Amino acid sequence: MRVGPSQEEIRRQNLGALLRYVHIHGATSRAELTTALGLNRSTIGALTADLAGAGLVSEGAPRETGRAGRPSPVVRPESERVFAYAYSIEVDRLRAARVGLGGAVLDRRETARPYGVAAAETAPLLAAFVKEMQQAVPAGSTYVGAGVAVCGLEMREEGPVHVKPETGFVDRSLGAALDAHLAPERPILVGNAADVSALAEHARGAAVGCDDLIYLHRDVGVDAGIIVRGRRLTGHGGLGGEVGHMVVQPGGRECGCGSRGCWETVIGEYALLDGAAGGGGTGRRAALSIVDAAARGDASAKAAVREVGDWLGFGVANLVNIFNPGMVIFGGTLRDVYLASAARVRSRLNSMALPASREQVKLRTPQLGEDAALIGAAELAFEHLLAAPLDATP
């Protein structure tokens with residue numbers, strides 16, 4: 001005989017649903033919560049009181065009302081006092097932020113990443129950022145954990161593995177190093193930058209309301225965060241989304257993975273820099289300088305951007321045929337390449353993708369900008385709080 005959920009289990013589920021709604025949508029009236037969650041007013045009132053008692057939300061009158069009569073109380077996330085730390089480990093820079101419940105970036109730090117320094121070795125630098133940001137944390141605040149976005153990350157059973165040959169190292173100890181330096185009393189979760197950026201844009205950015213999307217990200221390589229029917233598609237062992245290693249030019253340039261003609265060899269940083277005469281330099285800034293030079297009329301830079309844009313559209317057309325997304329978002333330095341070559345990307349898409357798929361797909365840049373990875377990393381940390389609000393607080 002199957003036994004249904006107990007009253008306490010239902011209450012826990014409703015607490016999580018209410019907090020999640022306010023976390024995503026911001027200040028929300030009790031009346032709206034009643035409609036959105038399908039619960040009665042007295043239940044909403046009781047749940048709100050429990051969450052307020054735990055210091056997770058506050059309740060008050062709306063700041064503005066144009067209606068006659070008694071206004072419905074408004075429930076707000078305690079963004080200043082309930083927070084997670086978020087870190088972004090990129091090929092040439094390190095970023096850290098304190099992110100409040102509700103997705104507000106409350107404080108941030110950034111520095112260059114020393115060349116050749118493994119991801120695990122960046123932990124002391126990130127810990128120094130945390131020490132600085134802690135000075136501005138209000139008394140009585142609740143720290144719920146941390147999330148880390150790493151470019152070029154693959155996941156295996158024994159933990160995160162940084163395997164991009166371009167960086168010159170294989171790193172199996174990132175999680176342990178972070179635990180040793182970054183407040184281990186709360187969970188520290190690690191994710192691929194493309195995956196967490198897709199999560200952030202889906203929850204509160206360009207892809208709100210779109211449950212099938214691909215977020216393309218280029219930094220150390222080309223990765224994709226893929227969301228299908230509202231859920232992240234990570235694959236067996238977490239290796240999904242390595243679209244940069246989709247072979248588009250058999251027999252082409254050798255890729256760091258050992259194959260030839262991978263997509264990232266024709267749209268990656270080196271493809272852009274090599275195509276521009278006298279480009280010089282490496283890294284994100286060097287790649288963006290080529291895009292800037294093209295905008296100013298430099299002939300070789302324009303040719304390089306045009307070539308990379310053509311291959312970008314080639315790969316996107318294949319992904320659209322395979323996944324039939326409602327949206328493709330171009331993040332990292334692909335944002336700037338896309339903006340500079342949107343016509344060529346769309347032209348490739350129109351000539352290669354199936355009509356039924358290409359006609360409805362939207363091509364976008366991140367609404368959250370460079371904050372997508374940080375906000376997405378924070379979402380990893382908030383997840384256990386949203387799943388069981390009263391269990392995850394002291």
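Please read these numbers as outputs of a predicted model, since none were measured by experiment.
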Short N-O contact, Arg364 and Glu201, less than 4.0 angstrom: no

Any side-chain heavy-atom pair of Thr28 and Tyr21 under 4.5 Å: yes

Ion pair check, Asp50 and Arg12, cut-off under 4.0 Å: no

Atom CZ of Arg41 with >12 non-hydrogen neighbours under 6.0 angstrom: no

N/O donor-acceptor pair under 3.5 Å between His384 side chain and Val144 backbone: yes

Pair Glu379, His23: side-chain N/O donor-acceptor within cut-off below 3.5 Å: yes

ILVMFWY network linking Leu33 to Ile24, side-chain heavy atoms under 4.5 angstrom: no

Donor-acceptor pair, side chain of Ser29 and main chain of Glu32, under 3.5 angstrom: yes

Parallel, tilted or perpendicular: rings of Tyr338 and Phe330 (30°, 60°): parallel

Donor-acceptor contact present, side-chain Arg358 to main-chain Ala353, <3.5 Å: yes

Salt bridge (Lys or Arg N to Asp or Glu O under 4.0 Å) between Glu132 and Arg108, worked out: CA-CA 10 Å; Glu132 292 176 11; Arg108 68 176 74 227; over 6 Å; no

Side chains of Ile375 and Val105 in contact at under 4.5 Å (non-hydrogen atoms): yes

Main-chain N/O of Ala343 paired with Ser347 side-chain donor or acceptor, under 3.5 Å: no

Chi angles and distances behind the side chain to side chain contact (heavy atoms under 4.5 Å, CB included) call for Glu264, Met246: CA-CA 8 Å; Glu264 69 178 46; Met246 170 175 61; over 6 Å; no

Backbone of Asn324 reached by a side-chain donor or acceptor of Ser357 within 3.5 Å: no

Ile290 side, atom CD1; Leu272 side, atom CG - distance, nearest 0.5 Å: 6.0 Å

Within-4.5 Å side-chain heavy-atom neighbours: Leu51 and Pro389: yes

Ser197 side chain to Ala194 backbone, donor-acceptor under 3.5 Å: no

Straight-line distance of Arg113 CZ to Leu94 CG, nearest 0.5 Å: 6.5 Å

Gap separating the CZ atom of Arg253 from the CZ atom of Arg260, nearest 0.5 angstrom: 10.5 Å

side-chain contact (heavy atoms from CB on, under 4.5 Å) involving Ala86 - partner list, sequence neighbours excluded: Val99, Leu374, Ala377, Ala378

Trace of the salt bridge (Lys or Arg N to Asp or Glu O under 4.0 Å) decision for Glu90 with Arg95: CA-CA 8 Å; Glu90 302 165 33; Arg95 294 187 293 154; 2.8 Å; yes

Non-hydrogen side-chain atoms of Val266 and Val248 separated by less than 4.5 Å: yes

Trace of the salt bridge (Lys or Arg N to Asp or Glu O under 4.0 Å) decision for Arg204 with Asp371: CA-CA 11 Å; Arg204 55 182 80 253; Asp371 282 347; over 6 Å; no

same_hphob_cluster(Leu199, Ile188) at 4.5 Å side-chain heavy-atom cutoff: no

Asp212 (side chain) donor-acceptor with Arg229 (main chain) under 3.5 angstrom: yes

Student check: side-chain heavy atoms of Thr234 and Asp195 closer than 4.5 Å: yes

Close side-chain approach of Leu213 to Ile329, heavy-atom, < 4.5 Å: yes

Lys/Arg-Asp/Glu bridge criterion (N-O < 4.0 Å) met for Asp211, Arg231: no

Sub-4.5 Å side-chain heavy-atom contact between Arg306 and Ser341: no

Pairwise distance CG(Asp292) to CG(Asp336) - rounded to 0.5 angstrom: 9.5 Å

Donor + acceptor pair across side chains of Thr333, Arg218 (<3.5 Å): yes

Value rounded to 0.5 Å, distance of SG in Cys210 from CE in Met327: 5.0 Å

Candidate pair Ser300 and Asp298, rule side-chain hydrogen bond (donor to acceptor under 3.5 Å, both in side chains), full reasoning: CA-CA 6 Å; Ser300 64; Asp298 181 273; 2.9 Å; yes

Gln7, CD atom: more than 12 neighbouring heavy atoms under 6.0 Å: no

Sidechain N-carboxylate O distance under 4.0 Å for Arg348, Asp310: yes

Nearest-0.5 Å distance that lies between atom CD1 in Ile227 and atom CZ in Phe323: 12.5 Å

Side-chain donor or acceptor of Trp263 paired with backbone N/O of Trp311 under 3.5 Å: yes

Lys/Arg cation over aromatic Tyr85: Arg98, 6.0 Å, 45° cone: no

Note, Thr142 side chain near Arg81 side chain (heavy atom, < 4.5 Å): no

